**Student:** 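First, the structure itself, so that you have it in front of you.
Owing to the predicted nature of the structure, the values given are computational and were not obtained by experimental measurement. We name chains A, B, ... by the order of the sequence lines, and we start the count at 1 in each one.
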Amino acid sequence: MELEPRTFDREFDLAELLTGMPLARMAPILTTLLDGEFRLVTVDGRLMLGRAESFAQPHCVAIRHDLEPLGYLESASADEACLSAAAGMMELMLQLSARYLMAADLHIETVQEDYASLKESEARYKALSEELEARVRQQVETIETAQRQLYQAEKLASIGQLAAGVAHEINNPIGFIRSNLGTAQQYVGDLSRLVALMKTGDIAQCRAAWEQADMGFVMEDFAALLRESINGADRVTKIVADLKGFSSVDQAEEETVDLNDNLRFASNVLAGQLKDKVELVLELGALPKILCLPGHLNQVFLNLLLNAAQALADQGRITVQSEAAGNEIRIRISDNGCGIPAEQLDRIFDPFFTTREVGSGTGLGLTVCRDIVQAHGGRIDVESKVGAGTTFTVNFPIG
Amino acid sequence: MAEFDEVNRKITLKLVYYGPAQSGKTTNLMRLHDLLAPDLKGEIMTLETQNDRTLFFDLLPLGFRTPSGWLVKLKLFTVPGQVAHDATRKAVLSRADGVVFVADSQRAQSANNAEAFQNLEENVQRVGLDFSALPLVVQFNKRDLPAAQILSEDEINQRWAKAPWPLVFSSALIGEGVKDTFVRLLQQVYPALDKSFALQEIHGVDQQSFVAAVTGG
Ligand SMILES: Nc1nc2c(ncn2[C@@H]2O[C@H](COP(=O)(O)OP(=O)(O)OP(=O)(O)O)[C@@H](O)[C@H]2O)c(=O)[nH]1
Ligand SMILES: [Mg+2]
């Protein structure tokens, strides 16, 4: 059976019990008591204290501890009684020493035990915290996935709104181009009849017919119609070109643009969706061109405009202002709608924060806006008063 | 498990008195010191106490020489019963070869007995001993107290009927049942000792002479 090192209840030998005793001071005391030189040796003959050479004919007394002799005290000079008394005193000292060692080692054992159980609980806590960390990571992943999905939904929602706006924008020119072409068809009919008369060679009849058909006006109007239609076709071309700014957000390239164009475009898109009693006012100041991702900024402006429109419900006014102030471009989009309560104002840029119905796809709108603006080195701020309206201010650095 | 020291020709055993606070563990040891007359008997070493309550342990060394010339040494320990000293209790219990569980017969102490016994079971496992193989005697102490105050023997026998351990009724204060308890423990300890060290075959010590040598007949 092997013992663990230094258990408090181990068997002590003489050497161990003597450690910690002031042996240097004991030696002269024993010499005095024993009336001369002495030897303190272990049971197996090792010298612990006293004279190095053994005595020729010593008196010898066992030093016992617990039940057994641990060593011997030898003297040539002392009588038996003195020697026994000295040995008895040594035994008492060894007993005290044993008490001390046992108490000390028991203490160490319990402390180590506490330490071991501390380690054990520490390990448990570590495992627990790792598990928690893993769970948090998982949670974060879930949230991120949800966020991505929401972002996607958000994009789809704005694409839907965009599509509605664009349809309206295109419908208008297409409408008048269609009606112009209808009129042009009539004019061509009138011209055909005149051409037929001209072939008869009757100039007087031709002239009467010309007057009757008011061909002077027709020719003038015809030219105007074509001009207007060409303009309309150009507008459609422009809209389609602008649309690219929205459609290629993911692989966007930087361009140098006048942000007023973007504001106008976003306003046009919004205008198609506004109720009759909602007024949209543009107060655009001259701006220096800046390098940006126009498609992304279109999204920001459209998002802010849609927010404003939603705040207004049936009637009110949306104002879009722009100005160059110092080394910044400042854009303000305000409405005089319901406003945002102060306690919500701090949170409106937080992801998933929405005061509107779930599923209306606006939970991430302002978060995305802020991200885009910050990616351009800009700032977005909001001021609002319940019942008075809301103003979003977007600042971009110039250059 | 007992320590086997070939160099010094010595076998050392550790026996532990366990139980709730104030049940009479220290008193058992003091009575044993008086009652037993083995070949070799040391003094009781009492570590620290506080109002008579053990803070570390008490230790009584006993021993005898085998016909083969070996020293068989038994170290009897008591643990501190107070709940707070569990770490000490565990350290003292470590490496035990046998245990006496000293229960307090007073009715009011039933819950403490149960708790201490459960604590013994837990600590036995914690220090890596096998509870089912551990020699154990259960002693119900303080039988000298008025009957109204203590559980009757019938009640106790009934409660412990299913338990495999010897049950001894005692009054350590008077000295009754103390030696009997110890003998019952020695009888359980002997077989394992004989198996490990061939006490009978090599050292010429059978169970009866083992008990007689330790107790002094
Ligand atoms: N009446 C009666 N009193 C006893 C008996 N045995 C012990 N006592 C008393 O109970 C008290 C506690 O005894 P101890 O032996 O110190 O108890 P312990 O189990 O060592 O207690 P801890 O060291 O605190 O765990 C003392 O006052 C003893 O005199 C007994 O058999 N009968
Ligand atoms: Mg005690």
Side-chain angles (χ1 to χ4, degrees), chain A residues 1-17 41-46 62-72 87-121 124, chain B residues 1-16 38-48 55-65 70-77 79-80 84-97 123 126-128 193 196-197 214:
Chain A
M1 161 79 200
E2 56 175 26
L3 272 185
E4 293 158 35
R6 289 186 75 81
T7 51
F8 83 95
D9 52 358
R10 68 188 180 280
E11 294 289 275
F12 298 103
D13 63 15
L14 185 60
E16 195 171 4
L17 290 178
V41 296
T42 64
V43 269
D44 44 6
R46 276 183 301 138
I63 312 261
R64 303 182 151 269
H65 176 69
D66 269 10
L67 306 176
E68 357 153 28
L70 293 185
Y72 303 97
M89 201 185 64
M90 288 239 48
E91 283 176 355
L92 289 177
M93 291 173 69
L94 293 183
Q95 178 84 354
L96 286 175
S97 174
R99 262 184 103 212
Y100 168 78
L101 283 174
M102 289 179 94
D105 289 346
L106 178 67
H107 176 70
I108 290 167
E109 236 179 282
T110 54
V111 168
Q112 278 171 346
E113 171 60 34
D114 284 351
Y115 182 69
S117 53
L118 198 72
K119 277 276 173 209
E120 193 183 308
S121 58
R124 263 206 308 276
Chain B
M1 191 49 208
E3 187 189 350
F4 184 77
D5 178 353
E6 197 129 19
V7 177
N8 295 308
R9 293 155 63 82
K10 180 163 75 177
I11 295 170
T12 309
L13 292 178
K14 182 176 185 179
L15 304 174
V16 175
D39 290 358
L40 302 163
K41 181 163 75 174
E43 289 307 310
I44 289 191
M45 179 191 286
T46 295
L47 256 275
E48 223 47 53
L55 288 185
F56 289 84
F57 57 82
D58 308 300
L59 166 61
L60 172 62
L62 305 169
F64 68 93
R65 291 229 172 250
W70 279 57
L71 171 65
V72 176
K73 184 169 174 181
L74 295 87
K75 290 176 164 179
L76 278 56
F77 282 93
V79 300
H85 300 305
D86 197 45
T88 306
R89 210 160 28 243
K90 206 156 58 176
V92 174
L93 184 66
S94 301
R95 306 170 288 277
D97 296 290
N123 279 342
R126 285 198 194 125
V127 301
L193 211 55
S196 301
F197 309 120
V214 177

**Student:** To the nearest 0.5 angstrom, please state how far the NZ atom of Lys14(B) sits from the OG1 atom of Thr7(A).
**Tutor:**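 The distance works out to 7.5 Å.
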**Student:** Using the side chain to side chain contact (heavy atoms under 4.5 Å, CB included) criterion, which residues pair with Leu101(A)? Sequence neighbours excluded.
**Tutor:**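 Leu101(A) satisfies side chain to side chain contact (heavy atoms under 4.5 Å, CB included) with Phe12(A), Glu16(A), Leu17(A), Ser97(A) only.
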**Student:** Could you tell me which non-hydrogen atom of Pro61(B) sits nearest to which non-hydrogen atom of Leu67(A), and how far apart they are?
**Tutor:**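 Smallest heavy-atom distance, with atoms named: O-CD2, 3.7 Å.
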**Student:** Is the shortest heavy-atom distance from the side chain of Leu59(B) to the side chain of Met102(A) under 4.5 Å?
**Tutor:**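 SC-SC contact between Leu59(B) and Met102(A) confirmed.
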**Student:** With Lys90(B), which residues qualify under side chain to side chain contact (heavy atoms under 4.5 Å, CB included), at least two apart?
**Tutor:**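 Here the qualifying residues are Glu113(A), Asn123(B), Arg126(B), Val127(B).
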**Student:** Tell me whether Arg95(B) contacts the main-chain N or O of Asp9(A) through its side chain, where contact means a donor paired with an acceptor under 3.5 Å.
**Tutor:**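 Judged by distance alone, no pair lies under 3.5 Å.
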**Student:** Using non-hydrogen atoms and a 4.5 Å limit, figure out which bit of Lys41(B) sits close to chain A: side chain, backbone, both or neither.
**Tutor:**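 For Lys41(B), backbone heavy atoms alone lie under 4.5 Å from chain A.
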**Student:** Top residue by heavy-atom pair count (under 4.5 Å) with chain A, among Gly42(B), Ser94(B), Ala87(B)?
**Tutor:**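 Looking at each option in turn, the highest pair count goes to Ala87(B).
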**Student:** Determine whether Glu3(B) and Arg10(A) make a side-chain contact, defined as any pair of heavy atoms from C-beta on separated by less than 4.5 Å.
**Tutor:**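 SC-SC contact between Glu3(B) and Arg10(A) ruled out.
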**Student:** Tell me, side chain or backbone of Leu62(B) under 4.5 Å from chain A's heavy atoms, or both, or neither?
**Tutor:**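 Only the backbone of Leu62(B) comes within 4.5 Å of chain A.
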**Student:** Is there a side-chain contact between Thr88(B) and Glu109(A) in this structure, where contact means two heavy atoms from C-beta onward sitting under 4.5 Å apart?
**Tutor:**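 Counting from C-beta outward, Thr88(B) and Glu109(A) never come under 4.5 Å.
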**Student:** For the atom pair CD (Glu11(A)) and CG (Asp5(B)), what is the distance rounded to the nearest 0.5 Å?
**Tutor:**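 If I round to the nearest 0.5 Å, the distance is 8.0 Å.
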**Student:** Show your working on side chain to side chain contact (heavy atoms under 4.5 Å, CB included) between Asp66(A) and Lys75(B) and close with a plain yes or no.
**Tutor:** CA-CA 10 Å; Asp66(A) 269 10; Lys75(B) 290 176 164 179; 4.2 Å; yes
**Student:** What part of Gln95(A) lies closer than 4.5 angstrom to a heavy atom of chain B: side chain, backbone, both or neither?
**Tutor:**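 Backbone plus side chain of Gln95(A), per the 4.5 Å heavy-atom cut-off to chain B.
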**Student:** Please confirm whether Phe8(A) and Phe56(B) have ring centers closer than 6.0 angstrom.
**Tutor:**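 No, the ring centres sit 6.0 Å or more apart.
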**Student:** Can you tell me how far the CZ atom of Arg99(A) sits from the OG1 atom of Thr46(B), to the nearest 0.5 Å?
**Tutor:**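 Reported to 0.5 Å precision, the distance equals 7.5 Å.
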